[in-house]
Protein chains: 2
Amino acid sequence: MMEKCPNSKMPRELSVGEVAERSGVAVSTLHFYETKGLIRSQRNRGNQRRYPRSILRRVAVIKVAQRTGIPLSEIADALSVLPHDRPLTAEDWRMLSKTWRRQLDDRIARLTKLRNQIDGCIGCGCLSMQECPLRNPLDTLAMEGPGPRLLEPDPA
Amino acid sequence: MMEKCPNSKMPRELSVGEVAERSGVAVSTLHFYETKGLIRSQRNRGNQRRYPRSILRRVAVIKVAQRTGIPLSEIADALSVLPHDRPLTAEDWRMLSKTWRRQLDDRIARLTKLRNQIDGCIGCGCLSMQECPLRNPLDTLAMEGPGPRLLEPDPA
DNA sequence: ATAAAACCTCAAGCAAAGTTGAGGTCAACA
DNA sequence: TGTTGACCTCAACTTTGCTTGAGGTTTTAT
């Protein structure tokens, strides 16, 4: 299919199609990520993309970050401090995951709080009551945090 | 400002601006919701929108559902079985919240699982190991559930 | 009576995250 | 040496959830 490494069954470099297949993202998505600076590619003499195997890890990390709800632009920022040409190390990952893990906690906490509110509402039939968080979102949420904000900005 | 109910300080009907102010959404958003069938309005003789007070609850419910991550189209579906011209009852809310609560649980569970995976990865420095969920997303996620799905579809 | 604020419609624009298609090149296999 | 399948670029289109603006009417306040 592609040139193989003579000493191994593993190709030394991966074509975009191979990366797509192995990482589970579409070729067009890899192109797209490249335009966004999330990944980078070398070209062979026919101008086709060739990736080092470490691309797979990078893409996996991107996907994980996305699953936590981090927008691509932030993922790009976080990854941009790391060189494209060497594999991510465990230490790199520790740094990245520290921040993302916090944001994930945040999202979980927000959703959990919402769930509790909903449960409270179910219990009390609150829609007919003055105290319900749904009843008067403005007042209720004014008490929940800073700023004149109704029903949280919700990055969720 | 607007015609008042003669027997009360509360306006009988609300203008779009009032609804916006009280519910915390922009006027343009209310227009938008109307085009999507989420809300409906009566018009006065000058063609301006007039809402019953129950609109506030309806908008609040929409916002809550949105916070759980439900797309507007599904919110519209759920609300469409309820008449626009009477206030939501506690029973209505119980029915709506039952489904949404389940989906919220789901989201929370998904994110929590992801957090655990991340924690596992941090602990083991897994990026350099074969067993890491990040290492080979295809195989790993094939085991997680049904279907040839990589890195979950993630409605999150 | 008139000016300002609020409202109306409709069209266009924005951001995120991609996908799709047209038109053309490259490479791997028989 | 073909001929297919994989690849290339660039532009346009998609969906979701709105916002912004133009151009015009209605309400309210003075």
Side-chain angles (χ1 to χ4, degrees), chain A residues 1-4 11 13-51 55 59 62-77 79 150-156, chain B residues 1-4 11 13-51 55 59 62-77 79 150-156:
Chain A
M1 192 175 230
M2 227 75 252
E3 70 271 48
K4 306 280 178 183
E13 293 194 302
L14 302 172
S15 69
V16 69
E18 287 168 333
V19 173
E21 197 185 351
R22 284 158 182 259
S23 67
V25 308
V27 169
S28 64
T29 304
L30 293 170
H31 287 181
F32 174 72
Y33 285 172
E34 191 169 318
T35 70
K36 294 291 168 176
L38 286 154
I39 60 175
R40 207 172 279 176
S41 58
Q42 302 297 310
R43 303 305 176 103
N44 70 2
R45 48 202 174 318
N47 194 36
Q48 297 194 352
R49 290 171 176 82
R50 288 297 176 269
Y51 301 93
I55 190 74
V59 172
I62 292 168
K63 285 275 141 193
V64 167
Q66 266 198 307
R67 285 211 283 160
T68 73
I70 314 275
L72 284 184
S73 59
E74 281 181 43
I75 300 174
D77 288 349
L79 288 177
L150 347 147
L151 296 170
E152 298 165 356
D154 198 20
Chain B
M1 189 178 233
M2 225 74 254
E3 70 271 47
K4 306 279 179 186
E13 293 194 303
L14 303 172
S15 69
V16 69
E18 286 167 334
V19 174
E21 197 185 352
R22 283 158 183 259
S23 67
V25 307
V27 169
S28 63
T29 305
L30 293 170
H31 287 182
F32 174 71
Y33 285 172
E34 190 170 317
T35 70
K36 294 290 167 179
L38 287 154
I39 60 176
R40 205 170 281 176
S41 58
Q42 302 298 309
R43 303 304 177 102
N44 71 1
R45 49 200 173 318
N47 194 35
Q48 298 196 351
R49 290 171 176 82
R50 288 298 177 267
Y51 301 93
I55 190 73
V59 172
I62 292 168
K63 286 273 142 198
V64 167
Q66 266 199 306
R67 286 212 281 160
T68 72
I70 315 274
L72 284 185
S73 58
E74 280 182 44
I75 300 174
D77 288 349
L79 288 177
L150 345 147
L151 296 169
E152 299 165 355
D154 199 19

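Residue numbering restarts at 1 for every chain, and letters A, B, ... go by the order of the sequence lines.
- To the nearest 0.5 angstrom, A:I75 atom CD1 is 7.0 Å from A:L38 atom CG.
- The nearest whole Å value for the distance from the CZ atom in B:R49 to the C1' atom in D:dT26 is 14 Å.
- Taking OH of A:Y51 as the start and CG of A:L30 as the end, the distance is 5.0 Å to the nearest 0.5 Å.
- Taking atom CD1 of residue A:I62 and atom C1' of nucleotide C:dG18, one finds them 14 Å apart after rounding to whole Å.
- Between B:S73 and B:N47, the one whose closest nucleotide on DNA chain D sits nearer the 5' end is B:S73.
- Listed candidates were D:dG17, C:dC8, D:dC8. Nearest to the side chain of B:R43 is C:dC8.
- Counting any heavy atom pair closer than 4.0 Å across all strands shown, B:S28 reaches a base atom.
- Each of A:V27 and A:G46 has a nearest nucleotide on DNA chain C; the 5'-most of these lies closest to A:V27.
- Note: B:T29 OG1 to B:K63 NZ = 6.5 Å, rounded to the nearest 0.5 Å.
- By the neighbour-count criterion of 12 heavy atoms within 6.0 Å, atom CD of B:Q42 is sparsely surrounded, having that number or fewer from other residues, nucleotides or ligands.
- Scanning residues 32-41 of chain A for heavy-atom distances under 4.0 Å to DNA chain C yields A:F32, A:Y33.
- Distance A:L14 CG to D:dA6 C1': 15 Å, rounded to the nearest Å.
- Proximity of B:Y33 to B:I55: side-chain heavy atoms (C-beta onward) are nowhere separated by under 4.5 Å.
- Taking atom CD of A:Q66 as the reference point, atom P of C:dA17 lies 6 Å away to the nearest angstrom.
- Between the side chain of A:E74 and the backbone N or O of A:P71 there is no donor-acceptor pair closer than 3.5 Å.
- Nearest nucleotide to the side chain of A:T29, out of C:dG18, D:dC7, C:dC7: C:dG18.
- Between B:N44 and the phosphate of D:dT27, there is a side-chain N or O to OP1/OP2 separation shorter than 4.0 Å.
- Between the C1' atom of C:dA6 and the CD atom of B:Q48 lies a distance of 7 Å, rounded to the nearest Å.
- Atom-to-atom, NE2 of B:H31 to P of C:dT9 comes out at 6 Å; the value is rounded to the nearest Å.
- Note that the CD atom of B:E18 and the CZ atom of B:R50 stand 7.5 Å from one another [nearest 0.5 Å].
- Straight-line distance from the CZ atom of A:R45 to the P atom of D:dC7: 16 Å, rounded to whole Å.
- For B:S15, taking side-chain heavy atoms from C-beta onward, the closest of the listed nucleotides D:dC7, D:dC18, C:dC7 is C:dC7.
- Residue A:L30 contributes atom CG, which lies 15 Å from atom P of D:dA6 at whole-angstrom precision.
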